[in-house]
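These notes are about the structure you will find just below.
To find a chain, count down the sequence lines: A is the first, B the second, and so on, and within it residues start at 1.
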There are 2 protein chains.
Amino acid sequence: MNRMATTVESVAERAGVSISTVSRALRSVPGVSAATRKRVQEAADALGYSASPAASRLATGRTMTVGIVVPVLAKWFFGKVMGEATQTLREAGFDVLLFELATRGQRERFFSGSHLHGRTDGVIIMALQPSAEELESLSAQGQAVALLGAEAQGIGSVSVDNIGAGRAAARHLLNLGHDRIAFIGIREEEGSNLGGVPPLQRLLGYREALAEAGVPGDGMLEQFDENSVAGGAAAMSRLLVAERIPTAIFVASDEMAFGVLKVLRKAGLDVPRDVSVLGFDNHELCDVVGLTTMDHEVAEQGQDVARILLDILQGGPPASLARQVRLVVRETTAPPHALRSPSTHPGPPDSAGHAGNL
Amino acid sequence: MNRMATTVESVAERAGVSISTVSRALRSVPGVSAATRKRVQEAADALGYSASPAASRLATGRTMTVGIVVPVLAKWFFGKVMGEATQTLREAGFDVLLFELATRGQRERFFSGSHLHGRTDGVIIMALQPSAEELESLSAQGQAVALLGAEAQGIGSVSVDNIGAGRAAARHLLNLGHDRIAFIGIREEEGSNLGGVPPLQRLLGYREALAEAGVPGDGMLEQFDENSVAGGAAAMSRLLVAERIPTAIFVASDEMAFGVLKVLRKAGLDVPRDVSVLGFDNHELCDVVGLTTMDHEVAEQGQDVARILLDILQGGPPASLARQVRLVVRETTAPPHALRSPSTHPGPPDSAGHAGNL
DNA sequence: TCCACGAACGCAAGCGCTTGCAATCGAGAA
DNA sequence: TTCTCGATTGCAAGCGCTTGCGTTCGTGGA
């Protein structure tokens, strides 16, 4: 294939038409007879021709590319969401440009410069709450915007009811009979940039549920750390030195919950006999460790946000929708030890009843 | 910012020079005096100008973009490697275009069409072995190529000594005293497209070590399935109905190993007392479940492959390098039960000696 | 003081495609 | 048969930037 010279001109020549006709025919623009359209298509196929993106972008001003910005790629949640979004975008004929904003510095540089201008038609922003100025900067660069895990006035977005989810999670633990329930949340690190809003909302829901149940709050029972296994482990370690260890813990992310389980195991505490643990995300590995968690339709969110952006790019209004959150009960939650009736008690700790998680 | 009208021309006007001088000044091309260069730079800053990528691509033929193609985004390994590669590429001023080739159909479409032509200067291909024709197609599209987890004549690549790693893994189990060691490998699914080569090499290394140790091979002990928790679980289930259950299992991927651990737990078998399990990747969650595994410097591989591609793009020769693989001993490998001396025996299964993984 | 030469800079021709507008053609209306 | 109008098609002017080449100007050497 002599792709070096495969341009509209060669196709036009081979099909015996002008280059404008080729351009129109190949893009299904009206004003070309079916016969010539077919002839052009054949010529293009024969030559293995495909229009130069740079040239058509320059001429049209459209890039047929969308950017996806994520805080970090190496996390299951973002990989999953990105994968789904990417597939949806590609089906619609868009390329996907990747931006990983791992540090605050990168975030600032990204929004201050015009890194998107002329590169993308729109951008999906995941898990970070853009400020008004940042949104302004994006629209000044002519970008359509869709948010995931955040919301803003007049901007398309997909999210979940984190307050409701937090309340539901806490209620599950309350209903089991717990009254000393800790919360481990995501702390916005100095070097990181995770949007602090959803984690905060989960905390609020947790507090609401406790208040409604008449359980007194306890600041010591609220711990925050970075969203990782290590962060969860660190937060749990802090909880272990409390005056009284909680009997249940709601952790705002599964990865942190994995760290929590690890520390509990090392401390010789049995889950769920001594402590119940409830996570958030329904990470693919929850099933392996038997972690009870809050599922929030992660894959669907990825498709949603892509479709919302595509709609906007086609001139539609910026839609906003919320996905469902539901409890997935596995093996890390149970009534507190003191409450169990002999019949529910699993018997000797080493028997099959021993959940053995982690 | 009136970005709508911010073009070379406006900068030229403001700086009182011609557009060619602006172009040269902003790109540090020689032939511009320091004084005017400064003046142009200031004018550009004041206007918030940045050159239209489409226009400069059309004029130069370079896109300053590289493509990354991965089989699937939602896996820790690929997320990690991509994150590192992306950062390295961005530092060098390149944009990153994402291609997820989840199915065989997508792979075929990708390589048959000229999806890269004019979009990227080069491409990083992860974990799939391109055929000669596929490589030909890429170079016909003018792409520089770097491979990760695969090798090809004259193509830049980064990989690991999978045969050696497989041998090392098997030897660790042999050295512990095992003589009935199973292998669970990655099967190339119909719908998938993972390069079959590295997994195959791990199998070969395993076989070599067994042969060297005089342990007879047993086809029944070699099982293959898709590279996922579910796949590992399925493969393990097949092993459970063997005439004699193996006392140790080398699993070619950590995610599969997690599935293996899950099935073993459900079957009431203790790890490592009844069965030892050895994984591959050093997945970030290995630490949580205590999985002994083979680490192969995943993050470094990502940086390596990006740098290799950057070198090629700068006219350098296509480098190939291999990363180290090393055993990371955790809690899922131990001598077979029958061999243990009373003193090493952890005592009653429910004591603290019970590793309790999964 | 005059000339030659190199450094700075501007001109203008593209890069390959899109698209408003004019030109052409065929067919139905008069 | 001639005229009019819509459907096709071609022309050519960009889109915004890069770059080979010619021009201008200042400076050191003769």
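- Put simply, CG on A/Leu26 is 16 Å from P on C/dG16, counting in whole angstrom units.
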request  = Report the C-alpha separation of A/Met126 and A/Met82 in whole Å, then their side-chain angles, then the decisive distance to 0.1 Å, and conclude whether the side chain to side chain contact (heavy atoms under 4.5 Å, CB included) test is met.
outcome  = CA-CA 9 Å; A/Met126 295 190 173; A/Met82 275 201 59; 4.1 Å; yes

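- Atom-to-atom distance recorded for A/Thr63:OG1 and A/Leu97:CG is 8.5 Å, nearest 0.5 angstrom.
- C/dC17 atom P lies 9 Å from atom NE2 of B/His117, rounded to whole Å.
- Few gaps surround CD on A/Glu134; more than 12 heavy atoms of other groups in view lie less than 6.0 Å from it.
- The distance between atom CG of A/Leu47 and atom P of C/dG16, rounded to the nearest whole Å, is 15 Å.
- Counting heavy atoms from C-beta on, the side chains of A/Leu98 and A/Leu73 come closer than 4.5 Å.
- For A/Glu13, the CD atom sits in a loose shell: 12 or fewer heavy atoms of surrounding residues, nucleotides or ligands are nearer than 6.0 Å.
- Atom-to-atom, CD of B/Glu9 to P of D/dG16 comes out at 9 Å; the value is rounded to the nearest Å.
- Straight-line distance from the CG atom of A/Leu58 to the P atom of D/dG16: 7 Å, rounded to whole Å.
- Distance from the side chain of A/Tyr49 is smallest for C/dC17 among the nucleotides C/dC17, D/dC17, D/dT18.
- Spacing between atom CZ of A/Arg57 and atom P of C/dC17 amounts to 13 Å, rounded to whole angstrom units.
- At C/dC17, none of the side-chain N or O atoms of A/Ser23 fall inside 4.0 Å of OP1 or OP2 (strictly under the cut-off).
- For the pair B/Lys38 NZ and C/dA8 P, the interatomic distance rounds to 17 Å; values are reported in whole Å.
- The aromatic ring centres of A/Phe77 and A/His296 sit less than 6.0 Å apart.
- Out of C/dT18, D/dT18, D/dC17, the shortest distance to the side chain of A/Arg27 is found at C/dT18.
- Across the interface with DNA chain C, nearest-nucleotide mapping of A/Thr60 and B/Thr60 shows B/Thr60 to be the residue nearer the 5′ end.
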ask   = Where along nucleotides 7-13 of chain D does protein come under 4.0 Å, by heavy atom, of base (B) or sugar-phosphate alone (S), with - for untouched nucleotides?
value = -SBBB--

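- Side-chain N/O atoms of A/Glu151 and A/Gln129 include no donor and acceptor closer than 3.5 Å.
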